[in-house]
Amino acid sequence: MPANFRIYNTLSRQVEDFQPVEAGHVGIYVCGMTVYDHIHVGHARAMVVFDAFVRYLRYRDWRVTFVRNFTDVDDKIIKRANEVGKDPVALASEFIGHFHHDVTALGLAMPDHEPKVSESIDAIVEMISHLVAKGHAYENEGTVWYSVETFPEYGKLSGQKVDELRSPDEVPGKRSPADFALWKAAKPGDPSWDSPWGPGRPGWHIECSAMSLGDIGQTLDIHGGGLDLVFPHHENEIAQSEAANGTKYVNYWMHNGLLTMASGQKMGKSLGNVINVRDALADFPAETLRLYYLQNHYRSPLPWGPEALPEALAMLGRLYEARENAEAMGGSEPAEQVIQSLGADAERVWELGTSFIERMHASLDNDFNTAQTLGHLFELARATNRFANHKKAKKRGGPVVAPALAAFAEVSHALGLMGMTTAAFTDEVKVKRLGALGVSREEVESMLAERVAAREAKDWARADEIRAELEARSIVVMDRPDGSDWKVRLSAAAS
RNA sequence: GGCGGCAUGGCCAAGUGGUAAGGCAGAGGACUGCAAAUCCUUUAUCCCCGGUUCGAAUCCGGGUGCCGCCUCCA
């Protein structure tokens, strides 16, 4: 039996108990990308949040049908294609490739279905035909409009009232300013398909109604997307689907908050401060972004700035280090015996470790509170490190930290964090951060070797001199009982 | 103008009735050849005013500020 959970529903503006349409199954549809450019770190938040959410649902034994679409027929794509002299559908196809590359690098699982508009024209035409037949839509010179006044519940998601909407430019052919296009008559040079209303292409909103119907059904358990899609996109989807099918479209509307710039405004091309995912991934391990996203609640705005990723990397490094400390512990006595002899710090790790999974479930089952979950994980990390300071912890502490290690594994399954070995993580950090700084690894390692020799000769002056040179390259040296290691310093300057 | 949301320590942030998780940064200490990492210590009139309550960051009313949407947007 899958575990029950609670989720905020934009429709009711409340956290609600989740009730599936079909027992044990969650059908979730998330608005994907309009593919005419590389995705930026703001888009990636939505992708990561819903990936983590679906991952968690499956971890909690739900059967999930996860659908995320591609808008590959659209005004912006056509515009961009004309600018670069390419075929629009081919251009979109190219950026779908880039999308898959970026999203795979981010560690996302593939959805069960990734419908494309260009491959869903029949279903779209069929749905529009229904709407026309039922009197919810009308045709005018090859363009089909949805008649908003035929759907009295219009506005129930966004709270918008049709009369109050701004409608700056008058569009010819519409009966009412709030009406929106279901089918756009072909203009010369546009990609177009045949339809009962002549050649043309779908409007933006109808695709999601048609594709979700095909891949999930009339009533979706959950429909996700960015908060900026609530109006008009999701409002229009409701109008289309409920008018066409005569059934409730979506039980739970789940919207992620937006990435905001330091100024408080959202990231967008018009602001000229867009960071592409592939650029971020060149400089930081993928889990850095995942932690950055999941450290805040998914509905909150998430501030972006030059410190965002370095800070997240510092956090991630802390978690990996704590896990490594736990992994390094051995011993085969019963945990109880070790706790008895090593005292309160051992007891604390044991208690936090054994209770972690329950606390994680409680947090994530309550509107997917990843921030709280990570708070618990950091508490566990600190307790682990504290315990690791005991002289006898390394030899005897293994049984005491076993639940903590299990907790880390659980987080990995549930949220897709801490999925690497410490060695792989450390190495990826070195490669990417050195690359970002333009420092050669060979150079660092030869300098470090020279310093080790100087230290063995107790030539502290020379050792300190080399350390200063390394620091000038943003390399921090760490001397340990078993040898010297190094890492790249994280700071604003380093990003 | 309309609709929706937010306001918690230097910064980020969790927390919806019983006197504030966590992270980053700073300061002091332990450790270290010196450092780094780690650990310990340390910083909160929870935007303002009023109300409900034995008790409110948490509920209600008013105010102020910020953000999103109303045009494409994750």
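Atom set for the values below is all heavy atoms of this structure, side chains included, hydrogens, waters and symmetry mates excluded. Below, chains carry the letters A, B, ... as their sequence lines are ordered, and counting in each starts from 1. Model, not experiment: these values are computed from the prediction.
Heavy atoms of A/N325 sit nowhere under 4.0 angstrom from any nucleic acid atom. As judged by a 4.0 angstrom heavy-atom cut-off over every strand, A/K487 is placed among residues touching the sugar-phosphate backbone only. Residue-level contact check: A/G226 touches the backbone only, with heavy atoms under 4.0 Å from sugar-phosphate atoms and none from bases. Counting any heavy atom pair closer than 4.0 Å across all strands shown, A/E379 reaches sugar-phosphate atoms only and no base atom. Among the heavy atoms of the strands lying under 4.0 Å from A/S300 are primed sugar atoms or P, OP1, OP2 only; no base atom is included.
Base pairing of B/rU64: its partner is B/rA7, meeting the Watson-Crick or G-U wobble criterion (both donor-acceptor distances under 3.5 Å). Using Watson-Crick or G-U wobble geometry with both donor-acceptor distances under 3.5 Å, B/rA37 finds no partner in any strand shown. In a base pair of the Watson-Crick type (N1 to N3 plus N6-O4 or O6-N4) or a G-U wobble (N1-O2 and O6-N3), with each distance short of 3.5 Å, B/rU19 is matched with no nucleotide. The base-pairing partner of B/rU52, taking Watson-Crick or G-U wobble contacts with both distances under 3.5 Å, does not exist among the strands shown. Using Watson-Crick or G-U wobble geometry with both donor-acceptor distances under 3.5 Å, B/rC31 finds no partner in any strand shown. The nucleotide B/rU43 finds no pairing partner, because no Watson-Crick or G-U wobble arrangement with both distances shorter than 3.5 Å includes it. In a base pair of the Watson-Crick type (N1 to N3 plus N6-O4 or O6-N4) or a G-U wobble (N1-O2 and O6-N3), with each distance short of 3.5 Å, B/rU58 is matched with no nucleotide.
Judged by distance alone, the side chain of A/Y252 and the main-chain N or O of A/D17 form a donor-acceptor pair under 3.5 Å.
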- Item | Candidate pair A/D479 and A/R451, rule salt bridge (Lys or Arg N to Asp or Glu O under 4.0 Å), full reasoning | CA-CA 10 Å; A/D479 295 326; A/R451 181 168 175 279; 2.9 Å; yes
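Here the nucleotide nearest the side chain of A/R13, chosen from B/rG4, B/rA74, B/rC39, is B/rG4. Side-chain proximity of A/H297 to the nucleotides B/rG33, B/rG15, B/rG2 is greatest for B/rG15. If you check B/rU38, B/rA74, B/rG33 against the side chain of A/A463, the one that comes closest is B/rG33. Between B/rG33, B/rA74, B/rC12, one nucleotide has an atom nearer to the side chain of A/N296 than all others, and that is B/rC12.
The pair A/K184-A/D190 fails the salt-bridge criterion, with no side-chain N (NZ, NE, NH1 or NH2) lying under 4.0 Å from an Asp/Glu carboxylate O. The pair A/R473-A/E443 meets the salt-bridge criterion, since a charged nitrogen lies less than 4.0 angstrom from a carboxylate oxygen. Electrostatic pairing of A/D283 and A/R278 does not count as a salt bridge here, judged by no charged N lying under 4.0 Å from a carboxylate O.
When each of A/Q372 and A/K161 is assigned the nucleotide of RNA chain B bearing its nearest heavy atom, the one mapping closer to the 5' terminus is A/K161.
With centroids closer than 5.5 Å and planes inclined by less than 30 degrees as the test, A/F378 and the base of B/rG22 fail to qualify as a stacked pair.
Residue A/I275 contributes atom CD1, which lies 16 Å from atom C1' of B/rA74 at whole-angstrom precision.
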